[in-house]
2 protein chains.
Amino acid sequence: MTQANWARLPVVKSKADLVYDSLRAAIAEGDLKPGERINMDELARNLGVSKIPIREAVKRLEADGLVVSRVHSGVTVAQVDAAEMRGVFLAREAIEGLVAGLAAERITDARLAELEAVQQQMRGRLGTRSFQKLPELNSDFHRVLAEAAGYRVLAELTDQLLLTVRRHRITVPADPENWARVIAEHEEIIAALRRRDPEAAARAAKAHISAQADHEVADQE
Amino acid sequence: MTQANWARLPVVKSKADLVYDSLRAAIAEGDLKPGERINMDELARNLGVSKIPIREAVKRLEADGLVVSRVHSGVTVAQVDAAEMRGVFLAREAIEGLVAGLAAERITDARLAELEAVQQQMRGRLGTRSFQKLPELNSDFHRVLAEAAGYRVLAELTDQLLLTVRRHRITVPADPENWARVIAEHEEIIAALRRRDPEAAARAAKAHISAQADHEVADQE
DNA sequence: CACCCCTTCATCGTATGCGATATGCCCGGG
DNA sequence: CCCGGGCATATCGCATACGATGAAGGGGTG
């Protein structure tokens, strides 16, 4: 039964998988910006592979909603619609509230330590004002939390939604004060997890997402 | 800004898209059962196309989590892990509660009529005991409801989660009494929507998913 | 001078073919 | 009788090549 899970982690990665990982990371990091054109032939030449692995990677990205392709007119990185962001945050609030409640019930000490390690790194990065690593660490925090909830599907949903938020956030400049608030709210979630208090954890997680939503989409209307 | 949305509905469908639709439908209907092997060469011969469109379709299905592929050892329809189903239902409860609440605030009369039409069809199918169309209609119901919430992302999440449930449900025989309960609970959701009562709609939707979860995963442990 | 059509080009979509590799069977040894 | 190694085969992964189609620019005409 766990076999199906391991099967999704291919031991040997095909070239298409490597291209997929590369492009996905580039989109997540903002190296490929929304609306930017992707030329498949050029990409194939640059990476030293043929178009086929490129096409397969692009198809997967399209299924993920990260790129859009119009026939015979190129592939572009998907736009993040500001109006949709509100829906994304609402979904995150629902899912991460659920996740935090479940995690409080069943989180192991090892995973709690892992979460605290991520939190510690975020504090360090904030202290040295090296902000560029913070989005990745923030993703790690939410991913570890979601994994602690015990259901793979919840981790996947969390990852998927947070990626959209990261892509949207690229369009706005870094804001140190916001990161300080994020880290403080993460601390509250961790505190509730330490007490194994599902109700408080869910409340803290929902408040965290809600506050972030206010920060990111309030000025859009 | 809405352009990006329309771009995801390609006007002209490539062969890869047709193969994708075909396979996805076959998996949803249960014609391709979990664990079943998919031979790409054979599929290419049967459909009269080369392997390339097949491969691209399979890559998209893999991104959707509907198939798993191990290198040089074939592609199989993904197993639906019974333990994961509990997580899927928890996620659905969170998302569809949110969806129903939003829908109650902003549903149009036209869309409400659409929802009632689906409900009417389900009643008809139950009356004539033609159960095989009910899963599809049930998907329609939840899809229309999610679209009424106004955020594309919520509709996509709903669709994705419900597809997993449908695939799991294939493994168990049809149960007329269960469909009667489903339809009754749908009616309660519709009633709350008619009154434009977000709180009641959310409560009814959550109760609906929760009851279904009890029905489908209770006997698994 | 403006508009339209036609040609040209760039880019996508797909077929074919070959190399790589995991799987399963068969045979020999313990 | 059971187990391990080697070979045949099926299947996948990728490169090359060609056809199809939308986009853009230039020239001609009203």
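Letters A, B, ... are given to chains in the order of the sequence lines, protein chains preceding strands, and every chain is numbered from 1.
For A:Glu62 and C:dC12, the CD to C1' distance is 13 Å, given to the nearest whole Å. Distance A:Arg70 CZ to C:dG13 C1': 17 Å, rounded to the nearest Å. Atom-to-atom, CZ of B:Arg45 to P of C:dA15 comes out at 14 Å; the value is rounded to the nearest Å. Atom C1' of nucleotide C:dG24 and atom CZ of B:Arg37 are separated by 12 Å, given to the nearest angstrom. Rounded to an integer number of Å, the gap from B:Leu47 CG to C:dT14 C1' is 14 Å. Rounded to whole Å, the distance from CG on B:Leu43 to P on D:dA10 is 18 Å. In this entry the distance linking NZ of B:Lys59 with C1' of D:dG13 reads 9 Å, nearest Å. Atom CD1 of B:Ile54 is separated from atom C1' of C:dA15 by 13 Å (rounded to the nearest Å).
A heavy-atom distance below 4.5 Å is not found between the side chains of A:Val77 and A:Lys33.
Listed by first and then second residue, the salt bridge (charged side-chain N to carboxylate O under 4.0 Å, His left out) pairs that reach into residues 133-147 of chain A are A:Arg111-A:Glu147, A:Glu136-A:Arg166, A:Asp140-A:Arg143, A:Arg143-A:Glu147, sequence neighbours excluded.
Between B:Asp17 and B:Arg60, at least one side-chain nitrogen of the basic residue sits less than 4.0 Å from a carboxylate oxygen of the acidic one, meeting the salt-bridge criterion. A:Asp159 has a carboxylate O that lies under 4.0 Å from a charged side-chain N of A:Arg24, or vice versa, which qualifies the two as a salt bridge. With respect to the salt-bridge test (charged N to carboxylate O, under 4.0 angstrom), the residues A:Arg152 and B:Asp81 do not qualify. Between B:Arg55 and A:Glu56, at least one side-chain N (NZ, or NE/NH1/NH2) sits under 4.0 Å from a carboxylate O, which counts as a salt bridge.
Shown here are the side-chain contact (heavy atoms from CB on, under 4.5 Å) partners of A:Lys206, two or more places apart in sequence or in another chain: A:Glu93. The side-chain hydrogen bond (donor to acceptor under 3.5 Å, both in side chains) test applied to A:Ser130 returns A:Thr128, not counting sequence neighbours. Applying the side-chain hydrogen bond (donor to acceptor under 3.5 Å, both in side chains) test to B:Glu36 and every residue at least two apart in sequence or in another chain returns nothing.
OP1 and OP2 of D:dA10 both lie 4.0 Å or more from every side-chain N or O belonging to B:Asn39.
When heavy atoms are screened at a 4.0 angstrom cut-off, B:Ile38 is found touching the sugar-phosphate backbone but no base atom.
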Using the 3.5 Å cut-off, write out each protein N or O paired with an N or O of nucleotides 14-16 of chain D and the distance between them.
| unit_1 | atom_1 | unit_2 | atom_2 | d |
| --- | --- | --- | --- | --- |
| D:dC14 | OP1 | A:Lys15 | N | 2.4 |
| D:dA15 | OP1 | A:Lys15 | NZ | 3.3 |
| D:dA15 | OP2 | A:Ser50 | N | 2.6 |
| D:dA15 | OP2 | A:Ser50 | OG | 2.6 |

Dump every N/O contact between nucleotides 19-22 of chain C and the protein below 3.5 Å, one line per pair.
none

